Enquirer: 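Quick one: the structure is below, questions incoming.
Just so you know, these numbers come straight off a predicted model, no measurement behind them.
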Amino acid sequence: MESFNEYHLDPEQFLFLKIFQDNWQIIRDEFTYFIQNASEEELKFTYDVLGPKNKTIKTKGNSKYSAFGILFQGLFIEKYIKKHQIQYPDFGSEDASAKALLLREKYFPHLTQVIEKVNFEHDEIIRNAYFGTFHPGLDIKLHVNYNPHMNRGYLGLIVPEGDVAMKICHEQLYWHEGQIMVLDHSYPHCPHNYTNYDRTVLVIDFFKPDRPREQVMQFEKEQVIQRMEDNPYSLGVFGKSDKAEIEDFIKYGLAHQLEWDKAL
């Protein structure tokens, strides 16, 4: 029987996540259809614009991680781009927003419906929803995600057999297709993929239900302002506070990672 603790949480206590799990195959099919059928132009735009970019978290060697999503800080991507007036090297804010809307509606209608249903019934509890892929050989440096107002769910979509795992504190946890893992990412953690295949999950960030909603909304607002000032392409997901302390590397036997300096 699986055991849980303060950083590895029982997903069954978060009933609103069940609809994601019930629809995991459809969500996976939308992802794979997009990857296999999108044009080169659509793929480039997606990874350039719809993917949160990180300047703080490091990896061993060249980056082997890719991500893109449709919901950030409670807003669908096209609304988020427009609200923050994000300017890209090849696109203005209005153009990027319009293209993002077309892609979301074309390729991810069912995921959109799931998010809308949960947020309508649970007071906008889902904050971020994006696909995260670990490519073969990925090894991410120990870090924290300073989001004390949120938990992070991972819905397993494509999970190869072998050593693809999340080290968090002194534990090593594994993803499974069709199942949700929930973590408190404010604890030090570092994932890896030592297999020869991609691993893809749907990342689902959600407000901690036991915290006053007005309080967490205000924290998110202030945090996003700071993160967007530091890096507008982070989409508010990552920030400078994501670094782990040197003492954590030593505590968890990962001092060798201190030499890694490639940006994720």
Side-chain angles (χ1 to χ4, degrees), residues 2 8 11 17 20-54 57-71 103 107-108 110-111 114 128-143 145 152-169 171-183 185 188-205 237-238 242 252-254 256-257 260-264:
E2 194 168 14
H8 180 207
L17 293 178
F20 288 96
Q21 191 163 331
D22 289 346
N23 288 272
W24 79 273
Q25 289 174 306
I26 299 175
I27 295 170
R28 180 189 61 187
D29 290 348
E30 286 189 337
F31 172 81
T32 55
Y33 181 84
F34 170 74
I35 294 299
Q36 294 170 2
N37 294 277
S39 67
E40 289 187 13
E41 180 183 350
E42 288 174 324
L43 287 169
K44 184 178 186 307
F45 175 85
T46 296
Y47 287 111
D48 286 349
V49 175
L50 277 62
K53 306 297 186 294
N54 190 295
I57 300 173
K58 306 296 183 180
T59 71
K60 181 180 181 180
N62 293 328
S63 174
K64 296 179 173 117
Y65 174 78
S66 58
F68 68 89
I70 68 169
L71 186 84
L103 276 175
Y107 290 106
F108 305 103
H110 195 82
L111 177 57
V114 169
N128 301 313
Y130 61 91
F131 299 100
T133 297
F134 292 173
H135 303 295
L138 177 79
D139 215 341
I140 295 180
K141 190 174 184 177
L142 188 73
H143 63 282
N145 295 109
R152 174 161 293 177
Y154 296 91
L155 175 62
L157 301 178
I158 302 169
V159 183
E161 293 184 1
D163 192 359
V164 52
M166 171 70 79
K167 295 176 184 174
I168 181 166
C169 296
E171 282 195 79
Q172 184 155 296
L173 305 174
Y174 296 87
W175 293 276
H176 301 282
E177 291 184 359
Q179 297 182 26
I180 291 181
M181 177 196 297
V182 178
L183 301 178
H185 262 210
H189 57 279
C190 55
H192 64 257
N193 179 9
Y194 297 155
T195 77
N196 294 319
Y197 304 94
D198 286 349
R199 182 241 57 171
T200 297
V201 300
L202 179 70
V203 175
I204 309 164
D205 289 335
V237 174
F238 303 113
D242 291 337
Y252 298 116
L254 298 168
H256 62 281
Q257 293 186 353
W260 299 357
D261 61 357
K262 295 289 186 180
L264 179 64

Enquirer: For the CZ atom on Phe34, are there more than 12 heavy atoms of other groups (residues, nucleotides or ligands in this structure) within a distance under 6.0 Å?
Expert: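 Yes, because the 6.0 Å sphere around CZ of Phe34 holds more than 12 heavy atoms from other groups.
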Enquirer: What heavy-atom pair brings Gln257 and Cys190 nearest, and what distance separates the two atoms?
Expert: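 The answer is NE2-SG, 3.9 Å.
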Enquirer: List the atom of Gln172, the atom of Ala165, and the distance in Å for their closest heavy-atom pair.
Expert: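 Here Gln172 and Ala165 meet closest at CG-CB, 3.6 Å.
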Enquirer: Consider ring pair (Phe, Tyr, Trp, His ring centres under 6.0 Å). Of His8, His189, His185, which one does Tyr154 pass it with?
Expert: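 Output: one option passes, namely His185.
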Enquirer: Scan side-chain atoms only and decide if Asp163 and His192 contain a donor-acceptor pair under the 3.5 Å cut-off.
Expert: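 Note: Asp163 and His192 side chains meet the donor-acceptor criterion.
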Enquirer: Short question: side chain of Asn54, backbone of Phe238 - any donor-acceptor pair under 3.5 Å?
Expert: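 No, Asn54 side chain to Phe238 backbone: no donor-acceptor pair under 3.5 Å.
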Enquirer: Search all heavy atoms of Lys64 against all heavy atoms of Gly137 and return the closest pair with its distance.
Expert: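 Minimum heavy-atom separation between Lys64 and Gly137: CD-C, 3.6 Å.
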Enquirer: Give a yes-or-no answer on whether the side chains of Tyr130 and Asp205 include a donor-acceptor pair shorter than 3.5 Å.
Expert: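 Side chains of Tyr130 and Asp205: no pair found under 3.5 Å.
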Enquirer: So, Lys53 side chain and Asp48 main chain: donor-acceptor pair closer than 3.5 Å or not?
Expert: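 At least one qualifying donor-acceptor pair exists.
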Enquirer: Please find the pair of heavy atoms, one from Ala38 and one from Tyr107, that lie closest to each other, and give the distance.
Expert: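 Scanning both residues, the minimum pair turns out to be CA-OH, 3.5 Å.
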Enquirer: Is Arg152 close to Val203 at the side-chain level, that is, under 4.5 Å between some pair of heavy atoms?
Expert: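 Yes, close enough: below the 4.5 Å cut-off.
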Enquirer: Out of the candidates Ile35, Asp29, Asn37, only one should pair with Tyr33 under the side chain to side chain contact (heavy atoms under 4.5 Å, CB included) rule; please name it.
Expert: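 The passing option is Asn37.
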Enquirer: So does Val159 get a backbone contact from the side chain of Glu177, meaning a donor-acceptor N/O pair under 3.5 Å?
Expert: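 Checked: pair present.
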